[in-house]
Amino acid sequence: MTRTQFSILLGLILGYLVLQVHWQYEYPGWSETVNITGSLISFERSADMILLARAKDTSIDFFKALGWSHAHDRYVQLCIFRLASQGLLTKHLPYSENLFKQDIKSHQMNLLDSSLKSIPHISPRHLKQLNGYLDGINTYIETHPRPLEFILFNYRPELFTIADVLTIYKFIAYAGLNDICLIVEKLVLEVLRETDNSDLMKMSFSPHLDGLSDELIEVYKTIKDIRPIGDQETSHVPKLTNSNNWAVSGKLSESGSPLLGSDPHMDISKLPNIFYESHYIGEDGYNIFGISAAGAPGIVMGRSKQLAFSITFGMLDMSDYFVENIENMKYERDGRFYPLTERVISIAGKNCYFYETIEGHSIERSLESVQKPIDSGRYLAAKYALTVDADSKIVDTFFSPVMAKNIFEIKKTFSINSLGTNYVVADSDGNIAYQQGGNVPIRKTSNGLLPLPAWNSKNLWQGYLPGEAYHSIINPPEGFVATANNHIQDPEKPVVATFSALSHRVNRINQLLQSKEKLSTEDFKIFQSDTHSLFAEQIVPIVAPHLGSSDIEKELQEWDYVSHLDSRPAAFFKLLHQNLKRNVLLQFFTPERADKYIKYSAYPLYVILHKVLESNNSTLLPPAVLQKTVRDTLAQYKGEKYGELEKIDMNNMLFAGKLPSWLGLDRQNIPTSHCFQCVKVGNPRFSQFGAPIYISQAWRMVTDMGTNVVESILPGGPGGNILSNFYAREIDALIEGTYKKIEL
């Protein structure tokens, strides 16, 4: 490049930055009134940089305002979610193998096709609301310049459509949340077909593998071309695998009114935060603050003057693997063969072949095989609970809380949704409630954890459970409700979950909620920072007989099980836990297999470890394993404090820490006192397509229904624009537990 060319390029970049500053770098008190398809909506930046929208008709203008806000503050993230959900990342971003894998996954799921089929069944009212959201997004796109990132990548976003929005919703629901069910199934399948550890699997996932037979294991051994577990994940979609929510009634609060606490845990290693805070005030009296995700209209969690609501992922089993028998491009049902539907799609210049059955079973193949037509043989096929009915309720699920007056107006709405959730709700009338909700299929021959042969039609799904099948609680006599991804199953109703998080977090929350006679939101803030580990309380006594007399071993035995930043025993326990997990697995698996499972299947492995610890079986947990764990940990530990070991990197979602730090796109080596299976949970890093992630508190909210005040923390802040003066805000607030106040 010549000096003249460089000068011209530099001038263009500086000129663009000036435009960005003029149009997008608002400051507290900045305001603008925008005409969005006939609706005059005023926007104002609060002191905490939240975008406050004011409009007239909440039923429509709310959606227009939210669409414009998403495009304004999260333009890049909004478009990346669309590209990821439709398998278009390699088409518009610089090629990488990770993006190629993710595009393959998205095209296999074929969510866009199911969205297009659902549109004719959406009610006129919902279509009007969705179009209002699109009007907000597209008005912004048409009147503002592209972000710098898209200029660098030469990407020009098209206007958004209803199909785009529905597909983003389902991508978050199935690739981001419910895919955990398939990961567990894949782990079970791989262990059963490649090792002799069926008894370990049966014990770990009892009673859901009671139907396992030698004949079925032999079927698994005939499956060809299984995609490795490490290629299962998606890196450009949020993971809601650890979350907490709780509410107490007025009889347990200092104010006499219900209190609600919410702290969803997602991958916080990417900037901007998956969640986006917004505040809307309507002239018709509606007033709501909460979080949403770019591309998904509605409020996921938040507070109006009448209602506070929060979700955790309910671990409901809404996806399955089946085994398909393929002969000459046809699949078998009860002895007869039917033609597969074939789609040939060019991804990064390579023709890729995707196949589905009439039921929507999507054949899964390795990255190499997907680039050629399918051969005869037996294959795994994934099935997702994608239904017109669930799609048509998407808008209701996330908009009904905006206008609801009390819990009774929305509980039924929450019972059928595409996420598989635990809703906790409180209202200004003094009620609290819990509502489980999802779209769980009816299974006649299994509970969903075992991939079954699809050639026997009795094994196929037989419809979906009605809303009455999900657990529900209103105003419990104990005065509180709490969830933490734990197992929740009404024994009188059909099985809805075959896998769940360990119970240590919810047990600790229940302890805290019963620790005082009367509670306040200040107590809730303390609870959300709690790092007392019941998990450590369980493990330390088991290894204690094998500890020696060194200083750190003595400190561990005297530890209070709280992970302070300056705690040495907390640091030692972190290493001890990692070594114990690996050493337990080495009894059953080769080192290579154990390390692979730790890297790609961390969540179900904790269930296996927990079952081994609970078994009190010296064969499963011999003294030699515990002794080796102590030796390994002593060899690793160098005297560190917990804050020196537990650190977070928060990198820009597009550049992933690859650019120089002086550009300010990333925040790295952030010390944190998050800990495994604490209320303030922080999952050890594991890899998604080779990218490190960290699951921790992505949002915190507390509120007292006797006031109109909400307090929250959003690590990363509202801004997604890398040049914004509110990019990467509130990270210190998360570490220090400093909440901002929003007045409704």
Side-chain angles (χ1 to χ4, degrees), residues 46-48 50 243-264 277 279-281 285-291 299 301-312 401-411 422-435 473-484 506 508-530 679-680 697 699-714 733 736-744:
S46 74
D48 295 303
I50 296 169
S243 297
N244 310 314
N245 59 9
W246 61 81
V248 301
S249 68
K251 73 177 185 179
L252 296 184
S253 74
E254 291 180 0
S255 69
S257 297
L259 314 177
L260 184 138
S262 174
D263 60 319
E277 286 183 327
H279 187 183
Y280 173 89
I281 299 175
Y286 293 100
N287 189 324
I288 188 163
F289 164 81
I291 55 172
I299 299 297
M301 291 171 252
R303 163 79 200 272
S304 69
K305 288 187 176 180
Q306 295 82 22
L307 199 73
F309 52 99
S310 172
I311 64 171
T312 63
V402 175
M403 304 186 76
K405 299 294 192 297
N406 55 56
I407 63 171
F408 303 102
E409 293 185 10
I410 57 169
K411 272 178 66 335
N422 295 313
Y423 265 95
V424 168
V425 192
D427 67 29
S428 56
D429 292 338
N431 301 297
I432 63 171
Y434 162 79
Q435 180 63 57
I473 303 171
I474 298 177
N475 295 325
E478 57 269 26
F480 65 89
V481 290
T483 80
V506 74
R508 178 58 180 166
I509 292 169
N510 290 337
Q511 283 183 359
L512 293 168
L513 294 178
Q514 298 173 82
S515 63
K516 293 178 64 176
E517 185 175 344
K518 298 290 183 180
L519 298 167
S520 68
T521 53
E522 292 302 313
D523 294 314
F524 276 25
K525 293 178 191 178
I526 294 171
F527 297 169
Q528 289 180 341
S529 292
D530 185 81
V679 178
K680 188 181 179 183
Q697 290 172 320
W699 190 56
R700 289 197 206 176
M701 179 193 77
V702 299
T703 191
D704 184 330
M705 297 306 297
T707 72
N708 287 325
V709 174
V710 186
E711 298 182 72
S712 75
I713 302 173
L714 182 74
E736 298 165 3
T738 306
Y739 293 67
K740 60 183 180 294
K741 289 187 177 183
I742 298 90
E743 184 83 31
L744 297 178

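Asn245 has its side chain out of reach of Tyr423: every pair of non-hydrogen atoms, C-beta onward, lies at least 4.5 Å apart. Between Ser304 and Tyr286 there is no side-chain heavy-atom pair separated by less than 4.5 Å. Between Pro401 and Ile299 there is no side-chain heavy-atom pair separated by less than 4.5 Å. Residues Ser712 and Ile742 are in side-chain contact: their nearest non-hydrogen atoms beyond the backbone lie under 4.5 Å apart. Within the 4.5 Å cutoff, side-chain heavy atoms of Leu519 are placed close to those of Phe524. Taking the side chain as every heavy atom from C-beta outward, Gln528 and Trp246 approach each other to under 4.5 Å. Side chains of Leu260 and Met701 form a contact here, defined as non-hydrogen atoms less than 4.5 Å apart. Proximity of Phe527 to Leu513: side-chain heavy atoms (C-beta onward) are separated by under 4.5 Å at one or more points.
Between Met705 and Lys305, the closest heavy-atom pair is CE-O, 4.1 Å. In terms of heavy atoms, Ala733 sits closest to Ile713 at O-CD1, 3.6 Å. For the residue pair Gly479 and Lys251, the shortest heavy atom distance occurs at CA-CE, 3.7 Å. When all heavy atoms of His279 and Ile288 are compared, the closest pair comes out as CD2-O, 3.2 Å. When every heavy atom of Ile432 is checked against every heavy atom of Ala247, the shortest pair comes out as CD1-O, 4.0 Å. Residues Leu252 and Val248 approach most closely at CB-CB, 4.1 Å, considering heavy atoms.
Across Asp263, Asp530, Thr483, a single residue satisfies side chain to side chain donor-acceptor pair (under 3.5 Å) together with Asn244, and that is Asp263. Here the rule is side chain to side chain donor-acceptor pair (under 3.5 Å) with Arg303, and of Asp704, Asn287, Thr703 only Thr703 fits it. Under the side chain to side chain contact (heavy atoms under 4.5 Å, CB included) test applied with Lys411, the options Ile474, Val425, Ile473 reduce to a single match, Ile474.
Counting heavy-atom neighbours within 6.0 Å of Glu736 CD, excluding the residue itself, gives a total above 12.
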